[in-house]
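Take a look at the structure set out below.
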Amino acid sequence: MNDKSERSEAPLDLPGLTHRYLDGELLPGEREALTELLSCQDNARSEFVRCLLLQVRLEEILAQRRSEAALGAIAVNQCEASGAGAALRKSRLPEGGKRARPVLELIRQLLVPGGGHLNVPVLSCLLLLCMIFSATLAGWIVNRSWRTSILAGNEGSVAQSTPRDDLALVPAYTATLVNVTNCRWDSNRSSADVLRGTVSPGQSLNLLEGVAQINSQLRSGATAEFQLEGPLALVLTSEGMPSLQFGRMTAAFRSDDDEFTLDTPLGRVVVSGHASVGIVAAADEVELHTFSGAARFEYWLTDVERAPNRVSVEPGMSTHARVASGGGLSIEHGKARENHFAAKRDSVDSHLVISDKYVRKILQAKPLGYWRFESDEGGVIRNEAADRLHCRIIGDAIRLRSAGGNRTAEFGATAGSGYLFSEDVVEGIGDSYTTEVWIKPSYYHHAIIFSLVEPHDSSFMQHQFLMELCGPGPGAPATRIWDEHPKQIRFLHRGINRDEPSQCYSQGPYVLGKWQHVAVVKDAEEVRSYVDGEFVASVKDTFPLGDRLHVLMGQLYPKDSSGREVWLARLFVGQLDEVAFYDRALTAEEINQHYHAVRPEPTGAPDTVSSARDTS
């Protein structure tokens, strides 16, 4: 029995099938099995795309090494023009006919299986595959072309350089990755060096959580800035433009002549001149929001009877395309929604207007701590209820933002650490306390809002109480309990000498770009949580709170005794205001009254932000 016959009887092996497909060696039975697998299983389609991308990337690297070898040979023999010309003539693109035929045939079989009807479940996978393949191949071709220009320039003599030869030595663009804050990357799916902040043609980025920025400058001097919101995946093309696979991003372009293109699973976004856009992409739907300038959407797939193959999107407008059940595209138009994106959200959504009546009501409830963020004199946020538990600003990522006669604390204003920490301690609380805050998250992420900690040089069991936002969903190698509650608010109470804390969740998701009131109450019997004045969840707990606890807002751990960050994690990005902590259990009626005493109002005049301060 030959090798191919033995393979057909072996258990189904997706990586093996994919590699044999790339080599054009699939048997008919294996081809049918691969087609069926890609049609029915999402994870199989993802693995198939990944294998193809890795193979293309491998061929790119091998081709580059062949070019470098040819270049080295020319440098050694630079005086022999004929030898250099021969080396150039020998460095050709890899033979592609063997792979092109199986690719086209499999696409035809997947899209039109037997009956001649479009197979919608695998359409998105193939569109994504084509997008990744074209972006990577484009990077290979451009990289190859400027290397060939170098070879051609050396055909006569290396010393005889011209301005045109010098231009060939300059990369088409430079791209820099800037971590804004709280970024968590999928290292298995990100080929770019995120630690060094460099992104090259054909490299991929997979952002599980956080907000990051890519700055790209073309040789012409044109610039582009892309703000990425996790979860997101993209590949950077040879032209310095992202090929967005899924996720949410904004882009700002500055150019007098250039036209920028960004690829998505359903089409290409084309932007001219000075412009600002927002894009939301998934496998089967894409939104384009034009904030300023000129933009259009050129669709990969369209039903000619229902929609044109390109749509212009004027400033202040949007277009939403999704794959319809019949196989074409469903196109809807509307207004641009800046509050869809973290980069635009703070300037368009609600402000928190706090009246003197509200302040008096809080003070009458006798909190131990009441932090209003009206002043940061000396790098300290004062406790309005007593002359203790003042919170020092640590790091430079916190600003005080003024709007509507009120000031709020903005966290995550710059990259790196930024949190609030009390130098004195909370003592004698016992089994009853209450915490209430007003929060305005900028995006879905995992972040600490308020906590009580007992700092030490180990990260083990520091927290006696915490209130935190849960991130967008699973992504860590080991499943964490809060991954089952994406976009919810988590409340944790540990108590004295206790390994396993009690916890409960807000049930519904927290809202982005909007002020919301969050409170948690611990009494002798249980922990209860409230959102916008309404009860949401509870858990039984009779353990009392420990003593000598510091207030910590904005990240998971403070610095250790030597001034080092023990673990820089769960940084809050958004705004915080009117934080109060009580040594008693507030009633449900009191919490409801506090919520209804404040009405967030629509944006009026622009916010003003205080200057940066580094008090770490």
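These numbers come from the heavy atoms of this one structure, side chains and all, not from hydrogens, waters or symmetry mates. Just so we're clear, the structure is a prediction, and the values are computed from it rather than from any experiment.
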Salt bridge (Lys or Arg N to Asp or Glu O under 4.0 Å) filter on Arg254, not counting sequence neighbours, yields Glu225

Worksheet item: Would you call Glu468-Arg490 a salt bridge at under 4.0 Å N-O?
Response: yes

Contacts of Val437 meeting side chain to side chain contact (heavy atoms under 4.5 Å, CB included) (sequence neighbours excluded), chain-then-number -> Thr435, Ile439, Ile449, Met467, Val518, Leu576, Val579

- Query: Can you find a pair of side-chain heavy atoms, one from Val286 and one from Pro265, that are under 4.5 Å apart?
  - Reply: yes

Could you tell me whether the side chain of Leu571 reaches within less than 4.5 Å of the side chain of Tyr419, counting heavy atoms only?
no

Fill in: Criterion ring pair (Phe, Tyr, Trp, His ring centres under 6.0 Å) on Tyr505 and His485, from CA distance to verdict
CA-CA 7 Å; Tyr505 296 84; His485 304 270; 3.6 Å; yes

When rounded to the nearest 0.5 Å, the distance separating CZ of Phe373 from CZ of Arg399 is 15.5 Å

- Salt bridge check: are Arg322 and Asp284 linked by an N-O gap of less than 4.0 Å? no

When rounded to the nearest 0.5 Å, the distance separating CD of Gln575 from NZ of Lys440 is 4.5 Å

Checklist line | Flag side-chain contact, heavy atom, 4.5 Å: Ile448 against Tyr557 | finding: no

dist Leu552:CG -> Ser422:OG (nearest 0.5 Å) comes out at 8.5 Å

d(His320 NE2, Leu288 CG) to nearest 0.5 Å is 11.5 Å

Rounded to the nearest 0.5 angstrom, the NE2-OG distance for His463 and Ser451 is 4.5 Å

d(Leu234 CG, Asn206 CG) to nearest 0.5 Å is 9.0 Å

### Message
Cys391 vs Trp371, test: side chain to side chain contact (heavy atoms under 4.5 Å, CB included). Steps then yes/no.
### Response
CA-CA 8 Å; Cys391 289; Trp371 301 273; 3.6 Å; yes

Note to self: I want to check something: taking the side chain as every heavy atom from C-beta on, are Glu229 and Phe341 in contact at a cut-off of under 4.5 Å?
What the structure shows: yes

Sequence neighbours excluded, the answer for side chain to side chain donor-acceptor pair (under 3.5 Å) partners of Glu298 is Arg296, Arg310

Open item on the list: Less than 4.5 Å apart, side chain to side chain, heavy atoms only: is that true for Leu244 and Phe246?
Closed with: no

query = Is the Phe450 ring parallel, tilted or perpendicular to the Phe581 ring (thresholds 30°, 60°)?
reply = parallel

